[in-house]
There are 2 protein chains.
Amino acid sequence: MIVNKQHYRTIWPMLSAGSGRAQVAILDQTQLPHEFAIVHIANLAQMEVAIKTMQVRGAPLIGAAAAYGLALAAQEDASEEALQAAAQRLRLSRPTAVNLDWALKRMLSMLLLVPQADRASLAWSEAQAICDEDVLQNQAIGQHGLALMQQCQPKSAQVFNVLTHCNAGWLATVDVGTALAPIYAAHDAGMAVHVWVDETRPRNQGASLTAWELAQHGVPHTVISDNAGGHLMQQGLVDMVLVGADRVSGQGDVCNKIGTYLKALAAFDNGLPFYAAVPSPTIDWSVSDALSEIEIEQRHGDEVAFIQGLATNGSLQSVRLVPSGSSTANPAFDVTPARLVTGIITERGVFSPARLLDAKRA
Amino acid sequence: MIVNKQHYRTIWPMLSAGSGRAQVAILDQTQLPHEFAIVHIANLAQMEVAIKTMQVRGAPLIGAAAAYGLALAAQEDASEEALQAAAQRLRLSRPTAVNLDWALKRMLSMLLLVPQADRASLAWSEAQAICDEDVLQNQAIGQHGLALMQQCQPKSAQVFNVLTHCNAGWLATVDVGTALAPIYAAHDAGMAVHVWVDETRPRNQGASLTAWELAQHGVPHTVISDNAGGHLMQQGLVDMVLVGADRVSGQGDVCNKIGTYLKALAAFDNGLPFYAAVPSPTIDWSVSDALSEIEIEQRHGDEVAFIQGLATNGSLQSVRLVPSGSSTANPAFDVTPARLVTGIITERGVFSPARLLDAKRA
């Protein structure tokens with residue numbers, strides 16, 4: 001995608017100017033939208049921190065970051081023991097994203113087939129392949145989602161209104177995005193599309209990331225509090241709810257950023273379609289009932305108690321929102337049951353929960 | 001209620017040390033929870049500003065503030081023309097709260113019956129009466145709500161979990177509160193009660209006000225993002241949703257802080273009771289279908305784009321959350337349709353929407 005007229009992906013390999021060794025460049029998403037900072041990741045520990053602190057976030061990007069993390073580890077020690085240990089560290093860095101586990105399994109199964117001396121170079125090329133496939137998948141998601149939007153009768157003749165939660169744009173992937181891919185495709189095809197952007201507390205990925213990348217691409221959008229979406233649906237100001245997902249279960253339950261479930265309930269109550277857009281590796285066939293089977297990540301309560309923003313002096317500042325005598329809780333994801341899900345948009349097509357198994361066979 | 005071991009109401013009359021004239025003291029709620037500041041209101045224009053800028057907020061308190069606003073106006077000019085003009089200014093200061101209109105009508109109908117010379121003193125005593133009645137009503141709401149909680153079978157033997165949205169505590173009223181009245185009554189009666197406090201973006205009245213007043217009273221509570229409530233209900237961690245309301249329609253629709261509708265949907269989806277606690281003047285018998293008949297206040301988008309909190313240097317700072325190239329929208333209230341409402345708790349008892357007319361007759 002384009003930032004300040006230059007094309008970027010969210011992650012890419014590069015050579016260190018100092019050591020001449022391979023490194024990984026990422027965009028530090030904790031600084032957006034106020035600062036556009038590129039960070040160099042030189043080793044496994046740094047990648048682990050980047051995932052944990054959400055400098056990289058978004059299920060597909062976490063998968064790519066984990067693959068590169070394993071490449072960085074292989075560069076140090078490509079023994080099976082070391083690679084398994086590295087994979088375990090990366091696996092524990094974020095518990096919910098299925099892509100992370102998927103990418104690590106794919107990398108390990110490839111690497112352990114070849115002699116130890118060949119593993120580092122194979123790891124770099126396989127991580128690159130994971131990234132390239134992500135981009136192709138997302139472009140296909142964009143086309144399938146665009147077709148859905150073109151079939152849907154908008155409530156207003158002037159504009160097609162999509163509501164999205166969190167960030168499932170190019171910043172959540174290697175490029176293009178998942179939930180935002182159909183929106184970019186529609187905008188680029190000349191369709192008048194407007195996006196209601198849930199700010200997505202506590203980490204505000206909507207206000208910080210989705211708004212920023214939509215603005216960079218010139219897509220009309222309006223940031224709202226997470227509380228507003230139901231009211232907008234009641235008022236006929238939403239045509240479709242379109243989100244990403246960290247995991248989709250085999251029966252079509254959608255595990256996504258906390259609050260998604262509330263928007264799905266409101267869409268259902270107002271007769272509006274609710275879609276999750278994901279690359280097919282995000283579908284976890286080992287899970288059927290996500291509500292009982294998926295562990296929900298509990299993040300630190302300080303993400304609720306404090307918030308970071310741009311102070312009047314131009315610096316990034318964190319301010320306290322909650323009185324110090326009050327405790328906070330911070331579940332990071334929720335589960336939208338399949339009964340509230342109109343369909344899952346994948347690179348292989350759009351599938352209702354009842355027909356989701358077809359996505360596996362396709 | 002008690003703050004720092006001293007009893008306060010949210011609004012009270014006082015004599016100006018300088019002029020010897022009657023004034024009104026309020027707590028500046030825009031400074032809470034970080035600063036406890038008492039502000040003196042000397043005239044109608046200052047009261048209008050206090051309501052508009054939400055130094056006083058909460059439907060019952062707005063009614064009391066409007067009554068005192070009219071007393072301040074009567075002190076300057078008690079002619080019918082002047083009082084009607086003052087009432088109109090106050091009426092327009094917040095469009096949603098029915099109590100405001102109710103209090104102004106009550107005041108005007110009393111004042112215009114007596115000679116002009118008697119109006120100012122009558123206005124002060126009538127405003128005081130409105131405040132005293134509010135406190136008595138809220139105490140009755142507390143007892144009716146407590147009985148409901150005692151009848152309800154909690155999911156855990158250890159604690160009764162209530163989820164609340166925005167602030168309908170003593171800060172939203174003259175004293176005691178509406179939605180929090182049953183919680184204080186339960187806590188004071190020795191019941192183990194815990195409150196999930198929605199932070200309630202964009203103005204964060206939950207994190208700023210509800211958390212603060214619960215902490216002052218010693219009631220266990222946890223602040224959560226507005227996105228988290230549905231998940232907590234799915235996990236069996238909520239026994240009851242209990243909110244206030246700015247207006248309840250004759251058929252039982254609940255107009256309350258934006259986002260209430262989403263919590264009502266989640267309560268309904270999880271088979272949990274959803275109650276609104278209001279003094280009976282909050283029921284607007286002139287409105288039947290709130291969705292089509294109530295105008296929703298649109299507040300400034302900067303309330304979404306910026307947030308105020310306590311900086312590390314101890315000062316209150318506003319920081320920007322949304323990139324400057326992105327627009328924002330800020331509907332302040334939404335409507336929860338009566339079909340999602342278990343009951344309305346009033347000072348006259350608890351009424352299901354179908355039996356709400358009995359509250360009028362009671």
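Quick note on labels: first sequence line is chain A, next is B, and so on, each numbered from 1.
- Residue Asp253(B) comes nearest to Ser288(B) through the heavy atom pair OD2-O, 3.2 Å, listed as atom of the first residue, atom of the second, then distance.
- Note: Leu291(B) leads Asn204(B), Asp198(B), Leu291(B) in heavy-atom pairs under 4.5 Å with chain A.
- Neither the backbone nor the side chain of Arg203(A) comes within less than 4.5 Å of any heavy atom of chain B.
- The environment of Phe268(B) atom CZ is sparse: at most 12 non-hydrogen atoms of other residues, nucleotides or ligands sit within 6.0 angstrom.
- With hydrogens and angles left out, the side-chain atoms of Gln29(A) and Asn167(A) include no donor and acceptor closer than 3.5 Å.
- Using a 4.5 Å cut-off between heavy atoms, Pro33(B) contacts chain A through its side chain alone, with no backbone atom that close.
- Heavy atoms closer than 4.5 Å to chain B are found in the side chain of Ile296(A), but not in its backbone.
- When Ile224(B), Thr312(B), Leu321(B), Leu32(B) are compared by the number of non-hydrogen pairs under 4.5 Å with chain A, Leu321(B) comes out ahead.
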Which donor-acceptor pairs under 3.5 Å do side chains of residues 227-236 of chain B form with protein atoms, sequence neighbours excluded?
| from | atom 1 | to | atom 2 | distance (Å) |
| --- | --- | --- | --- | --- |
| Asn227(B) | ND2 | Arg201(A) | O | 2.8 |
| Asn227(B) | ND2 | Asp226(A) | OD2 | 3.1 |
| Gln234(B) | NE2 | Val335(A) | O | 2.9 |

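- Here Thr222(A) is the residue among Leu316(A), Asp334(A), Thr222(A), Thr260(A) with the most heavy-atom pairs under 4.5 Å with chain B.
- For the set Ser318(A), Ser225(A), Pro337(A), the entry with the most heavy-atom pairs within less than 4.5 Å of chain B is Ser225(A).
- When the candidates Asn330(A), Thr200(A), Ile307(A), Leu340(A) are compared by the number of heavy-atom contacts under 4.5 Å with chain B, Ile307(A) comes out ahead.
- Looking at Asn161(B), its side chain never comes within 3.5 Å of a backbone N or O of Asp239(B) through a donor-acceptor pair.
- Taking chain B as the reference chain and counting heavy-atom pairs below 4.5 Å, the highest number among Pro331(A), Ala311(A), Ala329(A), Ala305(A) is found for Ala329(A).
- Between chain A and the residues His165(B), Lys257(B), Gln216(B), the most heavy-atom pairs under 4.5 angstrom are made by His165(B).
- No part of Phe306(A) comes within reach of chain B, as not one of its non-hydrogen atoms sits under 4.5 angstrom from that chain.
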side-chain contact (heavy atoms from CB on, under 4.5 Å) between Arg247(B) and Phe333(B), worked out: CA-CA 10 Å; Arg247(B) 210 174 329 184; Phe333(B) 299 90; over 6 Å; no

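- In terms of non-hydrogen atom pairs under 4.5 Å with chain A, the most contact-rich of Ala215(B), Ala211(B), Pro202(B) is Ala211(B).
- Judged by distance alone, the side chain of Asn313(B) and the main-chain N or O of Ser315(B) form a donor-acceptor pair under 3.5 Å.
- Looking at Glu303(B), there are no atoms closer than 4.5 Å to chain A (heavy atoms on both sides), in backbone or side chain.
- Between the side chains of Thr30(A) and Asp28(A), at least one donor-acceptor pair of N or O atoms lies under 3.5 Å.
- In this structure, Arg320(A) contributes its side chain and His34(B) its backbone to no donor-acceptor pair below 3.5 Å.
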